[in-house]
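Here's the structure, in structure tokens; my notes come after.
Throughout, protein chains are lettered first and strands after them, A, B, ... in sequence-line order, and every chain is numbered starting at 1. We use all heavy atoms of the structure for the numbers below, so side chains are in, but hydrogens, waters and symmetry mates are not.
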Amino acid sequence: QNDGYRTLSLSGHVGFGSLPDQLVKKSIKQGFCFNILCIGETGSGKSTLINSLFNTTFDDPVSSHFLPSVQLRAQTYELQEGNVLLKLAIVNTVGFGDQINKEDSYQPIVDYIDAQFEAYLQEELKIKRSLFSYHDTRIHVCLYFISPTGHSLKTLDLLAMKSLDSKVNIIPVIGKADSISKTELQKFKNKIMSELVSNGVQIYQFPTDDETISKINTIMNEHLPFAVVGSTEEVRIGNKMVRARQYPWGIVQVENENHCDFVKLREMLICTNMEDLREQTHARHYELYRRCRLEEMGFRDIGPENKPVSLQEAYEAKRHEFYLEMQRKEEEMRQQFVQKVKEKEAVLKAAEQKVHTKFEQHMLVLQEVKMKLEKKRKVLEDEIAMFIEKKANAEVFQSQASVSTPLVSLKKDKDRKTYVLM
Amino acid sequence: PHIGPVESKNEAAMSELVPEPRQKPVVPMKPMGINANLLGYIGIDTIIEQMRKKTMKTGFDFNIMVVGQSGLGKSTLVNTLFKSQVSRKSSGWNREEKIPKTVEIKAIGHVIEEGGVKMKLTVIDTPGFGDQINNENCWEPIEKYINEQYEKFLKEEVNIARKKRIPDTRVHCCLYFISPTGHSLRPLDLEFMKHLSKVVNIIPVIAKADTMTLEEKTEFKQRVRKELEVNGIEFYPQKEFDEDLEDKTENDKIRQESMPFAVVGSDKEYQVNGKRVLGRKTPWGIIEVENLTHCEFALLRDFVIRTHLQDLKEVTHNIHYETYRAKRLNDNGGLPPMTVETEENHESNL
């Protein structure tokens with residue numbers, strides 16, 4: 001444990017015993033994150049339980065049974081107790097177990113959990129990163145609500161839990177447990193646990209390595225799955241108002257340990273093991289995800305010749321690849337651009353040519369019209385000349401004829417001729 | 001309200017390289033900050049106790065480096081700080097040993113325990129610093145050592161299968177010993193601190209402060225502070241890392257009044273007024289190390305150990321180490337650095 005370091009004794013008070021306090025002080029300043037995922041069929045009592053656990057009413061609309069697929073709805077709240085600020089995120093599965101075909105029921109949940117891991121991993125891989133101020137959205141605990149049938153687990157339960165047990169801490173709970181009698185309950189619990197064991201489902205075990213809490217944790221481990229009842233209503237018992245459900249045959253008190261395991265759940269989840277849940281998520285589930293993901297991306301710790309390859313070198317290789325790819329793309333784009341310019345140029349040239357041709361055509365037409373007009377004018381001029389000649393002849397003829405004919409008729413003719421000429 | 005798929009630019013860049021593109025992730029919204037009214041005690045505040053228990057179980061690492069010319073009382077001071085023989089002087093070092101020709105780096109680790117808290121303390125000594133005739137670049141081996149520790153940590157951190165607790169050998173704190181000349185800082189002091197304040201937390205201390213009177217001390221400290229400021233040397237606690245107003249006021253007081261701490265060290269005890277105290281006996285009186293009217297050792301001890309120990313580690317991890325990592329991942333193998341990132345578009349190292 002000491003790695004070969006000598007242990008020295010102190011000759012006086014140094015003061016580093018305050019280290020945990022210094023560390024805690026910093027954590028308090030930053031606040032704590034805790035993210036709970038609730039999986040269960042619609043109406044299994046998830047929201048009511050969460051409200052009871054945190055002694056408050058979270059704003060959560062009731063969902064319908066007719067959603068086409070499972071969706072995850074996350075809401076975050078800030079709770080303050082003393083000087084502790086808790087950033088609580090409750091993720092609810094909406095529509096779980098409602099579909100006729102439930103094959104795809106748990107895949108969205110797996111994807112969601114993976115997505116939170118992925119987001120963290122992305123931040124961790126950044127060059128300029130800020131992990132200490134990162135808002136952790138990874139799921140720290142999954143409360144799986146088992147329907148209080150009294151018989152056994154449903155196939156969907158087993159499949160869902162099996163696909164999630166290596167990704168998240170699962171705490172199975174029996175919701176609406178006030179519908180089972182005490183004798184039935186123990187049998188039910190035993191059946192569930194044995195089914196989980198025989199199917200190899202790894203649920204979260206409360207840690208037993210710390211002497212101060214190992215005793216209580218061991219006892220609690222025996223009580224799994226917790227049979228819980230939640231309530232948003234209060235009933236007067238004696239002189240106190242307690243959370244309870246009132247029936248004609250009696251009152252089920254939420255915080256009465258004889259009635260249900262609610263207190264145990266709250267104790268385990270919040271007061272004793274919250275920090276361990278967070279640590280397991282980071283040190284075990286996240287590391288597993290990261291390892292798988294990096295291997296998937298082609299990184300190895302040992303290279304092809306069995307020599308250790310640092311992720312560093314793999315990074316460099318990938319970066320180089322990426323850089324070359326970028327260069328290639330840039331070249332491609334440049335080629336495309338040049339090509340496009342050429343094409344446009346050609347098009348413009350063709351258009352220019354066309355315009356030129358048209359212009360010349362127009363000029364020719366103009367020329368022709370001019371010539372025609374010229375011809376017409378010539379013709380007209382000739383006609384005028386002829387007419388003038390005719391007129392002159394007529395005048396000569398007239399002067400000869402005026403001698404022999406009466407004045408009146410000649411005058412008339414003269415007038416007529418004059419009139420015509422004009 | 002349910003959350004639809006949100007694609008970040010990072011994801012887009014990633015999916016270009018990854019062989020099988022993954023489904024677009026569903027990311028929850030940022031915290032809404034709805035303050036739910038608690039109607040009764042729940043037990044959230046027990047997390048403090050849970051966390052404290054966890055840290056006590058895992059224990060702490062702390063690595064402190066001492067730099068200064070030989071004879072300034074470095075080893076004695078460290079021994080006094082940790083009330084045990086942690087410095088190399090006591091671990092079999094021969095007092096007659098010659099001063100080395102170049103700066104050497106000697107790290108010695110011990111485990112000490114107090115109040116249920118186990119600390120793995122490593123004291124890194126730098127014999128030979130400033131002792132040559134030509135001291136040019138004598139800070140280089142020290143800078144190299146510090147960067148090597150960052151490198152070691154980085155290598156471990158980027159492994160695919162990595163250890164649960166990465167062994168931390170990074171230097172969390174560097175005590176720089178200033179000679180009590182009473183005049184001003186030496187060029188070597190300035191050069192060292194200029195170079196190293198960018199990679200490690202430097203706490204300057206005035207050694208062997210019993211050679212100065214109170215007025216000389218105050219004036220010297222003022223001059224030193226002025227010189228450090230003029231030369232742009234940011235010693236710990238650095239102004240830019242004050243997290244909030246509370247930190248700032250506390251640290252401002254330390255920066256502008258107390259630092260650099262004028263200290264005296266001793267591992268010998270004497271009787272003073274019926275009490276046994278650590279001190280130095282002189283013909284003109286006994287200098288009590290832990291007496292605030294005699295010297296500022298107690299201030300240094302409280303500062304480094306009782307209030308800012310965790311912060312020293314965090315600044316090393318969150319800032320100095322991150323700076324090293326970013327630089328290292330950015331300029332690799334002479335490849336030109338990628339395009340400068342904006343706030344929205346941090347590209348990953350892939």
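Note that the CE atom of Met56(B) and the CG atom of Leu23(A) stand 12.0 Å from one another [nearest 0.5 Å]. Note that NZ of Lys25(A) and CD1 of Ile48(B) are 12.5 Å apart. Values are rounded to the nearest 0.5 Å. The OG atom of Ser9(A) sits 11.5 Å away from atom CD of Glu113(B), with the distance rounded to the nearest 0.5 Å. Residue Ile47(B) holds its CD1 atom at 10.0 Å from CD1 of Ile28(A), rounded to the nearest 0.5 Å. Going from atom CD of Glu322(B) over to atom CZ of Arg129(A) covers 4.0 Å, rounded to the nearest 0.5 Å. In this structure, Ile160(B) CD1 and Cys292(A) SG are separated by 10.5 Å, a value rounded to the nearest 0.5 Å.
Here Gly12(A) is the residue among Ser18(A), Gly12(A), Gly82(A) with the most heavy-atom pairs under 4.5 Å with chain B. Between chain B and the options Gly17(A), Pro108(A), Ala283(A), Gly15(A), heavy-atom pairs under 4.5 Å are most frequent for Gly15(A). The residue among Leu86(A), Leu8(A), Ile270(A) with the most heavy atom pairs within less than 4.5 Å of chain B is Leu8(A).
Checked for salt-bridge contact, Asp210(A) and Lys57(B) miss the test: no charged N lies under 4.0 Å from a carboxylate O. Ion pairing between Glu124(A) and Arg162(B) holds under the 4.0 Å rule for side-chain N and carboxylate O.
Side-chain atoms of Glu314(B) never come within 3.5 Å of backbone atoms of Phe132(A) as a donor-acceptor pair (strictly under, hydrogens ignored). Within the 3.5 Å criterion, the main-chain N or O of Ile44(B) finds a donor-acceptor partner in the side chain of Glu81(A). In this structure a side-chain-to-backbone donor-acceptor pair under 3.5 Å is present from Gln22(A) to Leu309(B). Counting only distance, with no hydrogens or angles, the side chain of Arg306(B) and the backbone of Val14(A) share a donor-acceptor pair below 3.5 Å.
Only the side chain of Asp244(B) comes within less than 4.5 Å of a heavy atom in chain A; its backbone stays farther off. Residue contact with chain B, scored on non-hydrogen atoms closer than 4.5 Å, involves the side chain of Arg266(A) exclusively. With a 4.5 Å cut-off on non-hydrogen atoms, His282(A) does not touch chain B at all. Looking at Leu88(A), there are no atoms closer than 4.5 Å to chain B (heavy atoms on both sides), in backbone or side chain. If you measure heavy-atom distances from Asn273(A) to chain B, the contacts under 4.5 Å come from the backbone alone. Residue Thr80(B): no heavy atom, backbone or side chain, is found under 4.5 Å from chain A. Only the side chain of Phe60(B) comes within less than 4.5 Å of a heavy atom of chain A; its backbone N, CA, C and O stay farther away. For His317(B), no part sits under 4.5 Å from any heavy atom of chain A, backbone or side chain. For Thr272(A), the part lying under 4.5 angstrom from a heavy atom of chain B is the backbone only. Interface residue Leu81(B): only backbone heavy atoms are found under 4.5 Å from chain A. Contacts of Arg278(A) with chain B are made by side-chain atoms alone, with heavy-atom separations under 4.5 Å and no backbone atom involved. Within the 4.5 angstrom heavy-atom criterion, only side-chain atoms of Glu279(A), from C-beta onward, approach chain B. Ser133(A) does not touch chain B: none of its heavy atoms, backbone or side chain, sits under 4.5 Å away.
Nearest heavy-atom pair, Met51(B) versus Ser27(A), reported as atom, atom and distance to 0.1 Å: SD-OG, 3.4 Å. Heavy atoms only, all atoms of each residue included: Arg325(B) and Ile127(A) are closest at NH1-O, 3.2 Å. Scanning both residues, Phe16(A) and Glu114(B), for their nearest heavy atoms gives N-OE1, 3.1 Å. Considering all non-hydrogen atoms of both residues, Lys53(B) and Ile213(A) come closest at NZ-CG2, 3.8 Å. Heavy-atom minimum distance, Gly43(B) versus Cys271(A): CA-SG, 4.0 Å. What you find for Lys29(A) and Asp247(B) is that their closest heavy atoms are NZ-OD1, 3.1 Å.
The shortest distance between side-chain heavy atoms of Leu19(A) and Ile305(B) does not fall below 4.5 Å. In this structure the side chain of Lys118(B) never reaches within 4.5 angstrom of the side chain of Thr7(A), judged on heavy atoms.
For the side-chain contact (heavy atoms from CB on, under 4.5 Å) with Pro20(A), the qualifying choice from Lys54(B), Gln310(B), Arg52(B) is Arg52(B), the only one to do so.
Applying the 6.0 Å contact sphere to NZ of Lys248(B) captures no more than 12 heavy atoms from other residues, nucleotides or ligands.
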